[in-house]
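Throughout, a chain's letter reflects where its sequence line sits, starting with A, and its residues are numbered from 1. Both backbone and side-chain heavy atoms feed into the values below; hydrogens, waters and symmetry mates do not.
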Amino acid sequence: MAAELIFNLSKETSKMKKIAVGLCFAVSTIAAGISDQAIAADSPLPSNVRVVIGSTSTGGDTYQVSAIVADALAQKLRINAKVDAVGPTAAFQAIAKSDDGSTIMLFHDQSYVGHLYGVRGFSDIFKEYKIGPTVAINPGDSFLVPTKSPYKTVDDLIQAAGHDKRIRVAIQPGGTSALGYTALKNAVSVRFPGKEGNVVAVNTGSQADKNQLLFDGNADVINGSVQANEQYTRLPADDQKAMRFVWITARKQTLEQANPEGLGQTSREQLLAFATPAASVTLDGTKDWAFDKEFFLIYNKDMKPEVVAALDKALAEIYAEGTIQATLKKSFFIPNFMPSAEAEKYLKEKNDETKKLIDKIR
Amino acid sequence: MDAIFSSLDVTYFLLVSLGTIIGILFGAIPGMTATMAVAVCLPMTYALDLNHGLALLLGLYVGGISGGLVPAILINIPGTPSSITTTFDGYPMTKNGEPEKALKIGIASSLFGGLFSAAVLFYFAPTLADWAIKFSYVEKFLIILFALTVIASLCKSMLVGIFSGVLGIWVSLFGVYDMSKGGNGELRIIPEFMSTYLENGFSLLPLLIGLFGLSVIFDEAQKGVRDEPADNVKLTSGRRFQWSVFMGQFANLIRSSSIGTFVGMLPGVGGSAASVLAYSQTKNFSKDPGKFGTGHPAGVIASESSNNGLTGGALIPLLSLGIPGDSTTAVLIGAFTLQGIQVGPLFIGENRATWDIMMIGLVAANLIMFGVMYFAIRHIAKVITVPKYLLYPGIMMMCVVGAYAINSGIMFDVWTLFIFGLFGFLGTKLGLEIAPFIIGFILGPSAEVYFVKSLESFGTLTIFFTKSPIAVFLWVLIAISVGYSIYSTRKAKSHERHAGNGEAFAK
């Protein structure tokens with residue numbers, strides 16, 4: 001023990017030296033920073049950029065992706081980029097006031113899905129704002145049942161609803177989780193016309209609330225994520241908290257891009273068993289419905305074109321370098337860069353497809 | 001073991017100390033909170049490894065919660081919502097010339113509460129987390145209802161107190177029934193044209209510092225500004241602090257710390273409920289309930305040990321279920337997310353070294369908090385010797401900055417501060433009770449969500465009585481709380497009548 005302490009003390013002395021060297025380095029970095037300011041001055045972007053996100057959570061996927069992207073942009077453009085978790089309404093209000101690039105927004109498909117569901121505070125982003133590049137996909141959006149549930153697969157749930165069993169699905173209304181619920185309901189209506197009313201939504205908020213509904217037996221299936229719920233799926237079956245995945249909504253080709261080790265103790269191969277085609281939720285009787293939760297930038301409608309171009313160029317270079325891919329994949333995200341123009345066209349098409357589904361089942 | 005020793009370096013303890021000191025400053029400035037401190041410093045942890053990042057954040061958490069007692073005791077403005085009850089007896093102690101004593105009692109109680117909850121977290125986290133999930137919407141609603149019933153025991157007039165509490169609940173429901181909490185997204189109570197400002201209702205902190213801080217300044221402005229120090233108090237004109245003040249307070253410390261830890265581990269109930277419950281239970285168990293509100297050390301002990309008891313309590317569901325217990329741990333979870341670490345039911349077992357390092361950090365943060373605050377208190381307490389004409393503009397400036405900053409620069413929050421400053425100033429003159437109003441405001445939204453969700457889930461009102469033995473037990477507590485409040489109010493009135501008769505007889 002004493003030897004360990006002495007060893008640690010000597011390590012500390014060497015660490016202190018390193019700190020001193022670090023301080024010298026910091027001084028020189030500040031000096032270098034002055035020249036960085038000059039470089040930033042050449043860029044059309046302001047030297048301080050606020051990245052507002054459509055979530056108030058700092059523990060969720062939006063904050064995580066935003067922190068990774070903001071950090072990469074800050075290093076590339078030598079600017080300060082700060083992520084602010086302000087929530088959708090405040091984020092949209094913030095970018096509506098900023099057309100010089102000092103405030104940009106990063107959010108996911110809920111930005112237009114919210115409008116399609118008629119959620120207050122969400123407008124048509126394709127009309128009111130400018131769509132920026134896509135940056136990543138979270139392939140972890142999933143649905144879970146208790147381990148002891150009689151429903152072992154998503155097909156069991158569809159069959160049960162088709163045979164007049166009431167299936168209660170815990171979701172957050174108006175979000176991407178509601179989309180999974182709508183798709184499930186649609187699948188029942190396709191396979192068992194007139195029985196879709198047996199799939200009912202239990203509207204709730206946080207993941208904690210959704211989990212609690214499952215523990216209490218007040219929901220048959222909940223929306224969750226691989227990241228938040230994977231550990232629950234490894235609990236012994238007699239544990240009240242034990243869950244099992246029944247459906248992962250991401251496309252197969254997206255999930256296949258994840259690291260082979262998957263997340264936690266669940267490998268990519270195991271996860272693929274819960275995604276289409278293995279877990280089938282039909283869209284129209286011929287093809288399955290699948291949905292990638294995509295993250296992208298959103299700007300003020302009148303954002304200066306040179307700022308848009310600069311961000312496109314910077315992100316293209318960042319993704320070409322390849323480092324960000326490893327960082328994103330380490331956290332179970334799939335890198336997915338698409339420049340602004342391409343992203344806008346792609347997301348508009350996705351919006352229109354999603355609208356058809358929501359309108360059909362409304 | 002090697003992993004633990006390699007992380008516990010000088011930098012680790014420097015980061016805990018730095019976090020604690022910054023946290024204390026955030027907690028001590030009205031309008032700034034522990035949550036804000038953790039949120040501001042969270043991006044810094046991206047550049048650190050997980051253990052060093054957690055060292056900084058745990059320091060901020062403990063410091064932020066503890067710092068709230070300073071303005072609560074010295075200037076009657078709770079630095080954080082969970083230190084509202086600290087003002088009830090802390091500020092009267094300052095007015096009695098015992099600011100240093102009140103602060104030291106508060107700091108020592110905070111240390112006890114913090115260490116108590118850390119011990120509970122370390123030894124019982126997974127077991128308690130399993131127990132916590134037995135609290136569904138119904139039980140959580142009943143706990144909030146229980147906290148609301150204590151309004152009756154906190155006010156001078158029961159009827160006015162209940163009215164003020166209900167008014168607080170009503171004001172808390174302004175704006176949209178938030179879909180992120182499972183609501184329907186519809187605007188309530190306010191007209192559509194006000195939705196630009198009030199879509200999310202009034203923000204808690206501007207409202208809190210308006211009611212507690214600005215209303216006092218308006219009151220002073222009405223009296224006219226004079227040169228003397230605030231409330232003409234001296235630093236040590238009253239009795240000095242002695243450890244013997246804790247004699248006979250062991251049960252209070254254990255009960256209040258337990259309440260803090262218990263409420264902390266129930267996600268969604270909120271930290272303010274902990275100190276309100278602890279304060280009222282201490283008053284109810286006291287042989288001298290009449291002393292509460294006049295500068296009774298037991299009140300400060302209850303409030304501060306319970307709100308620091310929250311720290312370990314709120315970490316229980318975070319580390320055992322991946323579910324944050326309060327708003328600060330909701331930000332803290334970001335440190336794990338940023339490092340790509342999953343927090344869930346298997347976290348402790350799979351990350352034993354991180355868990356042990358966190359526990360050491362939590363204990364260290366509490367000890368550093370105690371060391372820093374206890375020995376700096378003599379200087380901090382000098383705030384009250386500053387003349388009012390200098391002190392109040394300074395407080396006002398901090399209030400405005402805090403209100404503006406709380407939601408990243410929303411000007412309406414500054415207007416909220418002034419609206420509720422004026423409301424507090426005029427309301428007090430009309431006999432309105434501020435404490436029940438604010439307690440109603442804080443607990444109202446959770447009460448609504450859990451009540452509505454209980455009905456949506458079970459479809460019948462009888463579920464509140466039949467859901468579980470825990471629900472029945474909570475009803476018993478509610479009944480005792482209400483019954484005791486009625487009994488003590490009648491007893492106090494009877495005392496007043498006897499005293500009045502005695503005086504008349506003497507004349």
Worked check of side-chain contact (heavy atoms from CB on, under 4.5 Å) between B:F141 and B:V452: CA-CA 10 Å; B:F141 169 73; B:V452 172; over 6 Å; no
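- Looking at B:E456, only its side chain comes within 4.5 Å of chain A, counting heavy atoms on both sides.
- By number of non-hydrogen pairs under 4.5 angstrom with chain A, the leading residue of B:P43, B:S136, B:G185 is B:S136.
- Side-chain polar atoms of A:T233 and A:E230 form no donor-acceptor pair below 3.5 angstrom.
- B:T35 and B:T328 share a side-chain donor-acceptor pair at under 3.5 Å.
- Neither the backbone nor the side chain of A:S57 comes within less than 4.5 Å of any heavy atom of chain B.
- Contact count against chain B (heavy-atom pairs under 4.5 Å) is highest for A:K241 among A:Q207, A:Q93, A:K241, A:R168.
- Contact annotation for A:N229: neither backbone nor side-chain heavy atoms come within less than 4.5 Å of a heavy atom of chain B.
- Put simply, the side chain of B:T33 gets close to the backbone of B:M36: a donor and an acceptor are under 3.5 Å apart.
- Both the backbone and the side chain of A:D209 come within less than 4.5 Å of a heavy atom of chain B.
- Side-chain atoms of A:Q227 and A:N138 form a donor-acceptor pair, as typed in the model, at a separation below 3.5 Å.
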Criterion side-chain contact (heavy atoms from CB on, under 4.5 Å) on A:S111 and A:F92, from CA distance to verdict: CA-CA 9 Å; A:S111 52; A:F92 282 124; 3.9 Å; yes
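- For B:T462 and B:T466, the side-chain atoms include no donor-acceptor pair closer than 3.5 Å.
- We find that A:R166 and A:D220 are not joined by a salt bridge, their nearest charged nitrogen and carboxylate oxygen being 4.0 Å or further apart.
- With a 4.5 Å cut-off on non-hydrogen atoms, A:T89 touches chain B through its side chain but not through its backbone.
- Interface remark: B:V38 contributes no atoms to any contact with chain A (heavy atom separation under 4.5 Å).
- When the candidates B:V331, B:I323, B:I133 are compared by the number of heavy-atom contacts under 4.5 Å with chain A, B:I133 comes out ahead.
- For B:L321, the parts sitting under 4.5 Å from any heavy atom of chain A are the backbone and the side chain alike.
- The candidate with the highest count of non-hydrogen atom pairs below 4.5 Å against chain B, out of A:I68, A:V202, A:T56, A:D239, is A:I68.
- The greatest number of non-hydrogen atom pairs below 4.5 Å with chain B, out of A:S331, A:P173, A:P88, is found for A:P173.
- Only the side chain of A:Q212 has a heavy atom closer than 4.5 Å to any heavy atom of chain B.
- With a 4.5 angstrom heavy-atom cutoff, A:I171 does not touch chain B via any of its atoms.
- For B:V176, the part sitting under 4.5 Å from any heavy atom of chain A is the side chain, from C-beta outward, and nothing else.
- Aromatic pair B:F458/B:F464: ring centres not closer than 6.0 Å.
- Only the backbone of A:V226 comes within less than 4.5 Å of a heavy atom in chain B; its side chain stays farther off.
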Derivation and outcome, salt bridge (Lys or Arg N to Asp or Glu O under 4.0 Å), residues B:K134 and B:E139: CA-CA 8 Å; B:K134 297 195 188 306; B:E139 287 86 0; over 6 Å; no
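- Remark: side-chain polar atoms of B:R188 are paired, donor with acceptor, to backbone N or O of B:L173 under 3.5 angstrom.
- With a 4.5 angstrom heavy-atom cutoff, B:E350 touches chain A only via side-chain atoms.
- In this structure, B:L54 CG and B:L60 CG are separated by 11.5 Å, a value rounded to the nearest 0.5 Å.
- For A:D61, no part lies near chain B; criterion is any non-hydrogen pair under 4.5 Å.
- With chain A as partner, the option from B:G334, B:A330, B:P345 having the largest number of non-hydrogen pairs under 4.5 angstrom is B:P345.
- No hydrogens or angles considered: nothing links the side chains of A:S123 and A:E128 as a donor-acceptor pair under 3.5 Å.
- Looking at A:Y232, both its backbone and its side chain come within 4.5 Å of chain B, counting heavy atoms on both sides.
- Of the listed residues (B:L187, B:V343, B:I333), the greatest number of heavy-atom pairs within a distance under 4.5 Å of chain A belongs to B:L187.
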